[in-house]
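This report concerns only the one structure given below.
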Protein chains: 2
Amino acid sequence: MSIDHERGIPVYEQLAEILRAQIASGELQPERALPSGKTLVQRYGVARGTVDHAIALLKEEGLVYVLKGKGVYVFKRS
Amino acid sequence: MSIDHERGIPVYEQLAEILRAQIASGELQPERALPSGKTLVQRYGVARGTVDHAIALLKEEGLVYVLKGKGVYVFKRS
DNA sequence: TGGGATTTGTTCGTATGTATC
DNA sequence: TGATACATACGAACAAATCCC
């Protein structure tokens, strides 16, 4: 999975979809932290603001919760 | 009403509160557009992204609606 | 006790794309 | 066509919280 700037779909939405898929597949596991914002920036070649936007979507969807200074954690599926 | 960067409360929240008060008082009227992002930037000395954040709060609260390419409009109170 | 590294939160600056008038 | 305005996206900087040594 990678980002395509020419696809019309916003980059932050593409990144959110990548993370959703990784959560759904179990690649990102409950009670474990996602890669840090810095790591996501480097891995996907996007800006920090774009990462924040994607994470905000996952928070609104109830997929993750954030602990400031620690990381972004995956909720256990109900 | 003005922004105080030393108050601890995020500037975007302060700006949102200013706009809420102006809506509540009737200074900003239903079906009329808010001042543009650029105007808010100049009037309150904040950044465009901060204005966007404040406006996003008002949207989530159902106080305003956005017409892309036109402006941010105040909902009529129910 | 303290300092450094890491991570998220917030803010500011700038630019481009798209839609409306 | 040009001006206006929101959405998106890049980069940069500092603060706050956390962790480890």
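- One can place CG of A:Leu15 at 14 Å from C1' of D:dT8, the figure rounded to the nearest angstrom.
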Enumerate, atom names and distances included, each donor-acceptor pair closer than 3.5 Å involving a side-chain atom of residues 48-56 of chain B, sequence neighbours excluded.
from, atom 1, to, atom 2, distance (Å)
B:Arg48, NE, B:Asp52, OD1, 3.3

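- For the ring-ring contact (aromatic ring centres under 6.0 Å, His included) test, residues two or more places apart in sequence or in another chain that qualify with A:Phe75 are A:Tyr65.
- Taking CD of A:Gln14 as the start and CD1 of A:Ile9 as the end, the distance is 6.0 Å to the nearest 0.5 Å.
- When the P atom of D:dA9 is taken as reference, atom CD1 of A:Ile3 falls 9 Å away, rounded to whole Å.
- Applying a 4.0 Å cut-off to non-hydrogen atoms, the residues of residues 18-38 of chain A that approach DNA chain C are A:Ser36, A:Gly37, listed by residue number.
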When you compare the protein's N or O atoms with those of nucleotides 12-14 of chain C, which come within less than 3.5 Å of each other, and at what distance?
from, atom 1, to, atom 2, distance (Å)
C:dC12, OP2, B:Ala47, N, 3.2
C:dC12, OP2, B:Thr50, OG1, 3.0

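- Hydrophobic clustering, with ILVMFWY side chains joined whenever heavy atoms are under 4.5 angstrom apart, groups A:Leu34 together with A:Leu15.
- Rounded to whole angstrom, the span from the NE2 atom of A:His53 across to the P atom of D:dA7 amounts to 10 Å.
- Phosphate proximity of C:dT10 to B:Tyr12: present, with a side-chain N or O under 4.0 Å from OP1 or OP2.
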Could you walk me through whether B:Tyr73 and B:Val64 pass the side chain to side chain contact (heavy atoms under 4.5 Å, CB included) test, one step at a time?
CA-CA 5 Å; B:Tyr73 291 77; B:Val64 301; over 6 Å; no
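- Shown here for A:Ala16 and A:Leu58, the closest heavy-atom pair between the two residues is O-CD2, 4.0 Å.
- Residue A:Gln42 contributes atom CD, which lies 10 Å from atom P of C:dT7 at whole-angstrom precision.
- Distance A:Leu40 CG to C:dT7 P: 10 Å, rounded to the nearest Å.
- By the 4.5 Å heavy-atom criterion applied to side chains, A:Val74 and A:Leu63 are not counted as neighbours.
- Between A:Arg43 atom CZ and A:Ser36 atom OG the span is 9.0 Å, to the nearest 0.5 Å.
- Inter-residue side-chain proximity for A:Lys59 and A:Val66 is flagged as met; some heavy-atom pair is nearer than 4.5 Å.
- Of the residues in residues 57-75 of chain A, A:Lys68, A:Gly69, A:Lys70 come within less than 4.0 Å of DNA chain D through at least one heavy atom, sorted by number.
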Show which side-chain atoms of residues 17-28 of chain A pair as donor or acceptor with protein atoms under 3.5 Å away, not counting sequence neighbours.
from, atom 1, to, atom 2, distance (Å)
A:Glu17, OE1, A:Arg20, NH1, 2.7
A:Arg20, NE, A:Glu61, OE1, 2.9
A:Arg20, NE, A:Glu61, OE2, 3.3
A:Arg20, NH1, A:Glu13, OE2, 3.2
A:Arg20, NH2, A:Glu13, OE2, 3.2
A:Arg20, NH2, A:Glu61, OE2, 2.8
A:Gln22, NE2, A:Tyr44, OH, 3.3
A:Ser25, OG, A:Ala21, O, 3.3
A:Ser25, OG, A:Gln22, O, 3.2
A:Ser25, OG, A:Glu27, N, 3.2

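- Rounded to whole angstrom, the span from the CG atom of A:Asp52 across to the P atom of D:dA12 amounts to 15 Å.
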